[in-house]
2 protein chains.
Amino acid sequence: MKLLEDRIRKDGKIKEGNVLKVDSFLNHQMDVKLFHEIGLEFKRRFEGKEINKILTIEASGIGIACVVAEVFDVPVVFAKKTQTKNIAGEVYRTQVESFTHGRVYDIIVSKEFLGKDDKVLLIDDFLANGKALEGLSTLVQDSGAELVGAGVVIEKGFQVGGQIIRDRGIHLESLAIVESMDDKNGTIVFREQ
Amino acid sequence: MKLLEDRIRKDGKIKEGNVLKVDSFLNHQMDVKLFHEIGLEFKRRFEGKEINKILTIEASGIGIACVVAEVFDVPVVFAKKTQTKNIAGEVYRTQVESFTHGRVYDIIVSKEFLGKDDKVLLIDDFLANGKALEGLSTLVQDSGAELVGAGVVIEKGFQVGGQIIRDRGIHLESLAIVESMDDKNGTIVFREQ
């Protein structure tokens, strides 16, 4: 998605250790006009697929998911990160390992809001090691819902997540795939799509 | 806002201890069509006010804020809850007491995304004791931005938050104000607006 790649080149900040900061428009300050364009692009890429729910994970996925959901005209459910124990049976639960925060946390979705009648599109801002998307797809599987695909705004193509998700047979669409970055001279190479 | 009050009566669940669960449409599963109507109503209530940024707090405020921001045609910034120490000088920081979770946490906003040129509308899903809105208004004050007002979807009118925020001279608009609830017979009384 050229508009997105141009925006990443313009406003993204490359930091040491392959860190790409896009918090001026994606995950701290949020450009909702761009999110709408992102929604239209996902709609185009999943054209003809029946989707009746979008599933994301807190916190930074929620804004994008909601604006995208308006384009798809479906509700959003967000998986909650939790360290508390809920009553067994009320929620679907799985564990996600966070490399950024160096810990394992549980994510949960209430059983009321995910089930066998749902045709689910996963939405998230970033795909790196794939742990969050794997966790979300496990919740979908456990609920008996159909996993239609996953839409990611930025994929770090040099990390394993994209391969893992595609190897699971999930229809993954990443709007910008970063092939490599150089924090010394500030250059970024995107995969041709 | 009648549409919202009707929806709360229809899908809200009243639990013991004055708990109102609206997670089927507001803060776990999210009805983005309703969020758009909420955006139009806030737009009407803040008609004529100059607003160029919406500030909210993770996690459940983000979705509403983003859809409302589309109606206002402005970007969103969300305050992050954190327990980690950031480098001093990079962020505005204040403390918020959570009664729900029984602890105090820090909220932060990067100094890059809030400053003296911003005319800010605060948006959140719930107003009960007012601690989250107080924290957000402190961040706005510290940044030198102008606090235009605060828009809340559901105010618990029998708790102190609304009074505290109004006493601070903040223009507060709550789309539904719950005067009282009865978990025994499932009735709910809204304040006339």
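The chains referred to below are lettered A, B, ... by the order of the sequence lines, with proteins before strands, and numbering in each begins at 1.
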**Message:** For Glu58(A), which atoms come within 4.5 Å of any heavy atom of chain B: side chain, backbone, both, or neither?
**Reply:** side chain
**Asked** Would you say Ile64(A) and Val68(B) are hydrophobically clustered, going by side-chain heavy atoms of ILVMFWY under 4.5 Å?
**Response** yes
**Asked** Are Ile170(A) and Ile107(A) connected in the hydrophobic side-chain network, where two residues link if heavy atoms are under 4.5 Å apart?
**Response** yes
**Item:** N-O pairing of Lys13(A) and Glu112(B) below 4.0 Å
**Value:** yes
**Prompt:** Do Val153(B) and Ile177(B) belong to the same hydrophobic cluster, where Ile, Leu, Val, Met, Phe, Trp and Tyr are linked whenever their side-chain heavy atoms lie under 4.5 Å apart, directly or via other members?
**Reply:** no
**Fill in**
Greatest number of non-hydrogen atom pairs under 4.5 angstrom with chain B, of Val109(A), Val67(A), Val74(A), falls to Val67(A)
**Asked** Who wins among Ile62(B), Val76(B), Thr56(B) for the most heavy-atom pairs under 4.5 Å with chain A?
**Response** Val76(B)
**Fill in**
Note: Cys66(A) and Gly63(B) closest approach over all heavy atoms is SG-CA, 3.5 Å
**Asked** Does one hydrophobic cluster hold both Phe126(A) and Tyr105(A), with members joined at side-chain heavy-atom distances below 4.5 Å?
**Response** no
**Request:** Report yes or no: do Leu133(A) and Val140(A) belong to one cluster of Ile/Leu/Val/Met/Phe/Trp/Tyr joined by side chain heavy-atom distances under 4.5 Å?
**Result:** yes
**Asked** Where along residues 16-51 of chain A does a heavy atom come under 4.5 Å of chain B, listed by residue number?
**Response** Asp23(A), Ser24(A), Asn27(A), His28(A), Gln29(A), Met30(A), Val32(A), Lys33(A), Phe35(A), His36(A)
